[in-house]
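Values below: all heavy atoms of this structure, side chains included; hydrogens, waters and symmetry mates excluded. Just so it is clear, the structure is predicted and the values come from calculations on it, not from any experiment.
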Amino acid sequence: MGILSYPFMQRALLAALLTGLLAPAIGGYIVQRRLSLLGDGLGHVAIAGVGLALLTRQAPIPVAVVVCVAGAVLVEVLRQRGKATGDVGLAILFYGGLAAGVLMSAFAGGGTGALSQYLFGSLTSVTSGDLVLIGILAVVVLVPTIGLAPQLFAVSADEDFARVLGLPTRFYNIVVVVLAAITVTLSMRTVGLLLVSALMVVPVAAAQNLVPGFYAALGTAMGIGVLVSVGGAAGSFYLDAAPGALIVVFAIAVFAVSWPISTLLARRRTAPVIITEPADHSEIPTPHVLTGTHPHHHGDPDCDHQAVIHQDHVDYVHDGHRHAVHRDHYDEH
């Protein structure tokens, strides 16, 4: 527990814990929308915000949040109006944000070196002011993420069906991208803008391997996110490694372990196959079971068993089951 005696590590662990909660929480909806690379695109827009903050001598996190949210809303509005597809919108985020951020950082006199701590994370440099802002914005993200979970899931899983249900799909789509933009910006001090997408996606993928159902997977993903984030932050202290990279490596390791576990769980969860008997019995493999002897032959005048005609043979209902003529005997099925 000696690690907690250092104030900078206390702040780093708290920031890692909050990031581990936030990234998979919104990442669950991003994965449902099949936009796993959205975090990368928003990260590049956040780079433009950092460059603007350096150019104007402002605090990086607030400026990056505003710029990233504005860019995410713009691309989502263009997508909804049919002006750009999802791929085109992500390309605009990638290249436009990165180019603008590098250019403004160069004009500010810092060059690309000034952006490195935001690109790859600088967890141990989190200040008390940064931690307070991260905590406030974490509440802003977690409350709608959990409170609006049914609506956000419906829109993310099947937008057309959600629209039929009467949900304001445009509004909820914008809510998802705004929450994602805030999460990406907050994560730039922990895993970095270039790796934040991994923390949003990989824990979710690992959770989906381990548990069935969206809500169970969402909770499990948040738990995995906290585990790998705090573990990576603590591990970086002892290994003298980059915390952002170590957090992502831990997340990928958890996913690698979950893969074979998912195979075993899938076998145990496999429901027994129930074969529905067709009317003509043509597809039912029945065992060859001989019946007992009868005092009469089915079909004789003294036989009172109901006859059921099937294509090339006749079944006789007998004591709750059927006897079928087979050469010199009857089969029971």
Side-chain angles (χ1 to χ4, degrees), residues 1-28 39 42-43 46 49-50 53 59-65 68-69 116-147 179-204 206-207 218-251 253-254:
M1 299 299 291
I3 191 175
L4 297 178
S5 62
Y6 300 97
F8 74 92
M9 283 305 301
Q10 296 173 8
R11 295 190 295 269
L13 291 173
L14 284 174
L17 186 148
L18 292 173
T19 304
L21 278 175
L22 293 176
I26 190 63
L42 294 176
V50 173
I61 292 182
V63 177
V65 167
C68 194
V69 168
S116 60
Q117 63 175 322
Y118 303 102
L119 294 175
F120 303 102
S122 182
L123 189 57
T124 55
S125 66
V126 173
T127 65
S128 299
D130 292 339
L131 190 59
V132 171
L133 182 59
I134 290 174
I136 294 173
L137 293 178
V139 174
V140 172
V141 173
L142 285 176
V143 169
T145 299
I146 298 175
L179 296 179
I182 296 174
T183 302
V184 166
T185 309
L186 295 182
S187 303
M188 69 183 182
R189 300 303 298 270
T190 53
V191 295
L193 295 173
L194 295 183
L195 297 175
V196 62
S197 186
L199 191 58
M200 297 173 68
V201 174
V202 178
V204 176
L218 186 64
T220 304
M222 295 171 68
I224 293 174
V226 170
L227 178 66
V228 299
S229 296
V230 175
S236 67
F237 177 82
Y238 296 105
L239 298 177
D240 193 22
L246 193 60
I247 289 172
V248 173
V249 169
F250 281 177
V254 172

Does a side-chain heavy-atom distance below 4.5 Å link Leu142 with Leu22? yes

Where Cys68 and Thr185 come nearest, the two heavy atoms and their spacing: CB-OG1, 3.6 Å

Nearest 0.5 Å, what's the OG-CG distance between Ser128 and Leu133? 12.5 Å

Quick check: closest heavy atoms across Gly49 and Val63, and the distance to 0.1 Å? O-CG1, 3.4 Å

Check whether any side-chain N or O of Ser236 sits under 3.5 Å from a backbone N or O of Ala233 as a donor-acceptor pair, and report yes or no. yes

Inter-residue atom distance Ile134.CD1 - Thr127.OG1, 0.5 Å rounding: 8.0 Å

Please report the shortest heavy-atom distance between Val50 and Met188, naming the atom on each side. CG2-SD, 3.8 Å

To the nearest 0.5 Å, what is the distance between CG (Leu17) and CG (Leu13)? 8.5 Å

Roughly how far, to the nearest 0.5 Å, is the CD atom of Gln10 from the CG atom of Leu131? 10.5 Å

Would you give the length of the straight line joining atom CD1 of Ile26 to atom CG of Leu218, rounded to the nearest 0.5 angstrom? 9.5 Å

Which atoms form the tightest heavy-atom contact between Gly27 and Val204, and what is the distance? C-CG2, 3.8 Å

Just how far is it from atom CE of Met222 to atom CD1 of Ile146, taken to the nearest 0.5 Å? 4.5 Å

Quick check: do Val228 and Leu199 have side-chain heavy atoms less than 4.5 Å from each other? yes

Compare every heavy atom of Ala198 with every heavy atom of Val248, then report the nearest pair and how far apart it is. CG1-CB, 3.7 Å

Taking all atoms of both residues into account, what is the closest heavy-atom pair of Leu179 and Thr183, and its distance? O-OG1, 2.8 Å

Measuring only between side-chain heavy atoms, which start at C-beta, is Leu186 closer than 4.5 Å to Thr19? no

